[in-house]
There are 2 protein chains.
Amino acid sequence: MIKEIKNKYGHLFEDELLEEINQVGTFKEIPEGFELIKPGSYIKSMPLIISGAIKVLREDNDGDELLLYFLEQGDTCAMTLSCCLGHHKSEIKAIAETDTKLVMIPIEKMEEWTTKYKSWRTFVFSSYHKRLVETIETIDSIAFLNMDDRLLKYLKDKTKISHAKIINTTHQQIAYDLHTSRVVISRLLKKLEKKSVVKLNRNNIEVLEM
Amino acid sequence: MIKEIKNKYGHLFEDELLEEINQVGTFKEIPEGFELIKPGSYIKSMPLIISGAIKVLREDNDGDELLLYFLEQGDTCAMTLSCCLGHHKSEIKAIAETDTKLVMIPIEKMEEWTTKYKSWRTFVFSSYHKRLVETIETIDSIAFLNMDDRLLKYLKDKTKISHAKIINTTHQQIAYDLHTSRVVISRLLKKLEKKSVVKLNRNNIEVLEM
DNA sequence: CAAGCTTTGTAACAATTGTTACTGTATTGC
DNA sequence: GCAATACAGTAACAATTGTTACAAAGCTTG
């Protein structure tokens with residue numbers, strides 16, 4: 001494990017902290033589609049992402065969903081952080097977007113490391129900042145963009161996250177993520193295909209233009 | 001100043017920290033409508049709010065606005081926090097919603113106090129958590145509610161923040177905050193008046209039902 | 001108090017998004 | 001291979017929200 005942690009987090013943390021992470025952390029490999037966090041649940045450890053990607057969603061009482069942002073290598077989940085520290089319930093849902101490798105850190109270490117390591121404090125604060133900024137950018141999309149531009153941004157984000165031009169998903173799944181209906185997505189995707197921005201197939205979308 | 005700080009923050013901070021805040025902080029009285037933070041500006045100090053309320057808005061490149069949340073006594077601005085720590089530009093705009101009293105803390109103290117005081121760390125983390133949760137609740141409103149319910153929520157929030165049944169504002173101003181047009185707000189307010197939820201006057205709205 | 005500005009009311013219409021319904025075509029499981 | 005299921009295409013229509021235009025009422029200032 002130590003090699004992968006050093007590789008992804010070596011530039012952020014001092015050796016002593018890396019060693020501690022190696023000792024107390026649990027290495028996990030998560031398959032695509034696995035639900036890491038359920039809304040309303042309590043969280044006992046926080047993830048440091050080594051590789052892959054995690055999709056973070058908001059879910060309301062009626063089961064309506066909305067994609068908030070993706071987490072990648074070097075990221076951690078700010079909601080988990082604050083849930084750990086404040087002992088709050090989870091406000092969100094997290095699902096592995098691709099096969100993902102991560103290290104789980106027990107929450108007891110959080111407070112300890114925050115006192116002990118400046119690099120840890122910087123990491124935690126910068127994670128909060130990134131998440132707050134990304135959440136606000138999500139607000140930008142919903143508030144200021146029409147559905148066609150939101151869809152385009154969604155497709156771009158997906159290709160970026162998976163490092164591939166082809167997105168394996170259904171129109172229904174996109175509709176869930178953007179909180180709209182399947183028919184609307186199909187309609188808009190067809191428009192994009194006519195403009196040669198995408199090529200549509202069953203269960204996948206090829207993004208041609210960026 | 002010490003008395004007001006002790007009054008509002010005494011239960012959060014230890015005496016030693018309160019004394020430091022008293023020494024390095026600058027007490028300020030801000031009139032309603034004053035613009036505290038402009039988008040794109042750099043920030044050199046962070047506010048601890050003693051009394052009053054501050055409106056935090058997102059503004060996009062076209063000058064389109066959207067209300068994110070209100071800050072009250074006991075709150076601080078998480079965006080300011082992370083801008084201070086990470087030396088980022090402001091992503092938001094902040095305007096005094098009512099006459100407001102606050103204490104400005106120079107950013108140099110931030111890192112120092114984070115190492116020195118557990119209560120300060122807890123405060124900073126809990127501020128981040130609160131703001132993240134409120135930002136996500138704003139997403140809930142935009143994504144899951146129709147404009148009539150968003151308006152109702154807006155009116156409720158305003159009365160709560162100002163501790164008054166009468167909201168002094170124009171339809172145009174509400175339209176800016178909710179990022180819609182004046183005509184839409186007038187139309188929906190009229191509907192609410194017909195349902196005896198509000199009473200409309202020039203430059204003010206009386207909220208009857210909660 | 002008259003002119004000019006701000007604020008609100010309202011109608012008519014346009015654009016966007018959501019809904020229902022039905023079709024055809026892949027894929028899966030027996 | 002065949003029935004069941006999942007996925008996608010499309011039309012027709014409804015609901016919501018946005019836009020334009022204009023009128024009326026209230027406030028401000030000379």
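None of the values given here were measured: they were computed from a predicted structure. Residue numbers begin at 1 in each chain, while the letters A, B, ... track the order of the sequences.
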**Report entry** Of Lys190(A) and Asn146(B), the one whose closest DNA chain D nucleotide lies more 5'
**Finding:**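 In this pair, the answer is Lys190(A).
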Tell me: [atom1] of [X] to [atom2] of [N], nearest whole Å?
{"X": "Tyr176(B)", "N": "dT7(C)", "atom1": "OH", "atom2": "C1'", "answer": "13 Å"}
{"X": "Leu151(A)", "N": "dT16(C)", "atom1": "CG", "atom2": "P", "answer": "15 Å"}
{"X": "Arg150(B)", "N": "dT17(D)", "atom1": "CZ", "atom2": "P", "answer": "9 Å"}
{"X": "Leu145(B)", "N": "dT16(D)", "atom1": "CG", "atom2": "P", "answer": "14 Å"}
{"X": "Ile174(B)", "N": "dT7(C)", "atom1": "CD1", "atom2": "P", "answer": "12 Å"}
{"X": "His171(B)", "N": "dG9(C)", "atom1": "NE2", "atom2": "C1'", "answer": "9 Å"}
{"X": "Asn203(A)", "N": "dG9(D)", "atom1": "CG", "atom2": "P", "answer": "11 Å"}
{"X": "Lys191(A)", "N": "dT16(C)", "atom1": "NZ", "atom2": "C1'", "answer": "9 Å"}

Which nucleotide wins on minimum distance to the side chain of [X], given the candidates [options]?
{"X": "Thr170(B)", "options": "dT17(C), dT7(C), dG18(D)", "answer": "dT7(C)"}
{"X": "Ser186(B)", "options": "dT8(C), dG18(D), dG18(C)", "answer": "dT8(C)"}
{"X": "Val183(A)", "options": "dG9(C), dA11(D), dG26(D)", "answer": "dA11(D)"}

* Answer with base, sugar-phosphate or nothing: what part of the nucleic acid does Asn204(A) contact at a heavy-atom distance below 4.0 Å? =>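 Here Asn204(A) touches no strand at all.
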(message) Reading DNA chain C from 5' onward, which residue's closest nucleotide shows up sooner: Glu193(B) or Ser181(A)?
(response)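 It is Glu193(B), whose closest nucleotide lies nearer the 5' terminus.
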With a 4.5 Å cut-off on side-chain heavy atoms, are Thr114(B) and Arg121(A) touching?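 Heavy-atom side-chain distance check passes, below 4.5 Å.
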Any non-hydrogen side-chain atom of Tyr9(A) less than 4.5 Å from a side-chain atom of Leu18(A)?
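Yes, side chains in contact.
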In this structure, are over 12 heavy atoms from other groups packed under 6.0 Å from Tyr176(A) atom OH?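 Atom OH in Tyr176(A) is not packed in, count stays at 12 or less.
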Quiz item: Going by modelled atom types, is there a donor-acceptor pair between the base of dG9(D) and the side chain of Arg182(A) at under 3.5 Å?
Solution: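 Side chain to base: pair present.
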ask   = Going by modelled atom types, is there a donor-acceptor pair between the base of dG18(C) and the side chain of Arg187(A) at under 3.5 Å?
value =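 Result: at least one qualifying N/O pair found.
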Taking side-chain contact (heavy atoms from CB on, under 4.5 Å) as the criterion, tell me which of Glu108(B), Met104(B), Lys109(B) meets it with Val24(B).
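So, applying the side-chain contact (heavy atoms from CB on, under 4.5 Å) to Val24(B) and each of Glu108(B), Met104(B), Lys109(B), only Lys109(B) qualifies.
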Next on the checklist: Check for me whether the distance between the ring centres of Phe125(B) and Phe125(A) falls short of 6.0 Å.
Outcome noted: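 Yes, they do, as the ring centres are separated by less than 6.0 Å.
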Checklist entry - Would one find a side-chain N or O of Thr180(B) under 4.0 angstrom from OP1 or OP2 of dG18(D)? => result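 Yes, Thr180(B) has a side-chain N/O under 4.0 Å of OP1/OP2 on dG18(D).
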